[in-house]
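Following: one structure in structure tokens, then a few remarks.
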Amino acid sequence: MSPIILILWLFSTLAFHSQVIAKDIHDLLPQYGFPKGLIPNNVVSYTLSDDDGFFTIHLEAPCYVHHVNQLVYYDTLITGTLSYGSVSGVSGIQAKKLFIWVSVTGIKVHQDSGMLEFFVGALSQSLPATQFEEVPGCSSNACKGSATTNLVDPM
């Protein structure tokens, strides 16, 4: 193979992969039917397996996000399996229900109704996907608007 053909092939391969692989997880989510705002703004890195959709997301620090009337805790490591319109086997995300922290185990997109269904074990709750259009900022404390850096572990 001539060096010119090899170089052209490399450039075309890199150009193809740059269109498929998003540098920012928030840009990747819509390619799978999800809004950008499911994950907070302090992502350091992520991986996604082409083989089985297994992903890891590393956050700069654990954080709390207020999604409308829902308080959500994100650990520094979030894992799961991503496919179009579905995330399963989630770990690293918890939601506060009344006075209890519960682990989010899965998320499903319902395109027809514009809803996201969040699974907590066998139970689920649906919320409008429009609530997750904007990438949320993180808080280091569960109290809304708090500037303190002490973390309360939801466990």
Side-chain angles (χ1 to χ4, degrees), residues 8-98 100-142 144 151-155:
L8 290 174
W9 178 79
L10 282 173
F11 279 124
S12 67
T13 302
L14 290 173
F16 173 74
H17 285 298
S18 68
Q19 292 173 359
V20 175
I21 300 171
K23 289 185 180 181
D24 186 329
I25 186 76
H26 303 101
D27 295 330
L28 178 73
L29 290 172
Q31 295 176 24
Y32 285 85
F34 288 96
K36 290 183 171 195
L38 279 181
I39 303 295
N41 67 352
N42 69 339
V43 174
V44 174
S45 66
Y46 78 93
T47 62
L48 175 62
S49 169
D50 290 335
D51 296 332
D52 59 4
F54 182 78
F55 68 87
T56 62
I57 301 171
H58 295 271
L59 302 184
E60 188 176 315
C63 73
Y64 296 89
V65 172
H66 291 270
H67 288 287
V68 184
N69 292 323
Q70 185 71 55
L71 180 60
V72 180
Y73 170 81
Y74 295 87
D75 203 348
T76 55
L77 177 64
I78 301 165
T79 62
T81 302
L82 178 64
S83 61
Y84 190 85
S86 177
V87 181
S88 60
V90 175
S91 70
I93 302 175
Q94 297 180 349
K96 190 169 188 181
K97 290 292 184 189
L98 298 175
I100 301 169
W101 287 97
V102 292
S103 294
V104 174
T105 57
I107 307 168
K108 184 173 182 179
V109 176
H110 295 283
Q111 296 287 347
D112 54 336
S113 64
M115 301 293 278
L116 295 176
E117 187 174 9
F118 294 85
F119 293 91
V120 179
L123 303 175
S124 69
Q125 178 181 4
S126 292
L127 298 170
T130 56
Q131 291 182 6
F132 300 90
E133 289 176 347
E134 299 296 320
V135 177
C138 275
S139 174
S140 60
N141 192 294
K144 201 172 199 173
L151 288 177
V152 177
D153 189 359
M155 296 303 223

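Predicted model only: the values in this text are computed from it and were never measured.
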Do you know the tightest heavy-atom contact between His67 and Gly37?
-> CE1-O, 3.5 Å
Could you tell me which non-hydrogen atom of Gly33 sits nearest to which non-hydrogen atom of Gln111, and how far apart they are?
-> O-NE2, 3.4 Å
Gap between atom CD of Glu60 and atom OG of Ser140 - 0.5 Å precision | 11.0 Å
Spatial distance of atom OH (Tyr73) from atom OG (Ser139) [nearest 0.5 Å] | 12.0 Å
Is a side-chain donor or acceptor of Gln70 paired with a backbone partner of Lys96 at a separation under 3.5 angstrom?
-> yes
Take Thr79 and Val90 through the side chain to side chain contact (heavy atoms under 4.5 Å, CB included) test and state the conclusion after the steps.
-> CA-CA 6 Å; Thr79 62; Val90 175; over 6 Å; no
Asp52 and Thr81: which non-hydrogen atoms are nearest, and at how many Å?
-> O-CG2, 3.2 Å
Quick one: does Tyr74's side chain get under 4.5 Å of Val104's, heavy atoms only?
-> no
Where the side chain of Ser45 meets the backbone of His58, is there a donor-acceptor pair that is under 3.5 Å apart?
-> no
So, His110 side chain and Gly85 main chain: donor-acceptor pair closer than 3.5 Å or not?
-> no
Taking all atoms of both residues into account, what is the closest heavy-atom pair of Val65 and Pro40, and its distance?
-> CG2-CB, 4.0 Å
The reported gap from CE in Met115 to CD in Gln125 (rounded to nearest 0.5 angstrom) is 9.0 Å
Spatial distance of atom SG (Cys63) from atom CG (Asn41) [nearest 0.5 Å] | 7.5 Å
Check against side chain to side chain contact (heavy atoms under 4.5 Å, CB included), Ile25 and Phe55 | CA-CA 10 Å; Ile25 186 76; Phe55 68 87; over 6 Å; no
Could you grab the distance from atom OG1 of Thr47 to atom CZ of Phe54, nearest 0.5 Å is fine?
-> 7.0 Å
Asp24 side chain reached by Lys36 side chain, heavy atoms, under 4.5 Å | no
Nearest heavy-atom contact between Val120 and Val102 is CG1-CB, 3.4 Å
Let me see the working for Ile93 and Leu38 under side chain to side chain contact (heavy atoms under 4.5 Å, CB included), right down to the final yes or no.
-> CA-CA 10 Å; Ile93 302 175; Leu38 279 181; over 6 Å; no
Can you check whether Ala61's main-chain N or O pairs, donor with acceptor, with Asn42's side chain at less than 3.5 Å?
-> yes
Is the CG atom of Asn69 crowded by more than 12 outside heavy atoms at less than 6.0 Å?
-> no
Below 6.0 angstrom between ring centroids: does that apply to Phe132 and Phe118?
-> yes
Run the side chain to side chain contact (heavy atoms under 4.5 Å, CB included) check on Val87 and Phe119 step by step: do they pass?
-> CA-CA 10 Å; Val87 181; Phe119 293 91; over 6 Å; no
Report the distance from atom CD1 of Ile39 to atom SG of Cys138, rounding to the nearest 0.5 Å.
-> 10.0 Å
Looking at Leu116 and Pro35, what are the two nearest heavy atoms and their distance?
-> CD1-CG, 3.9 Å
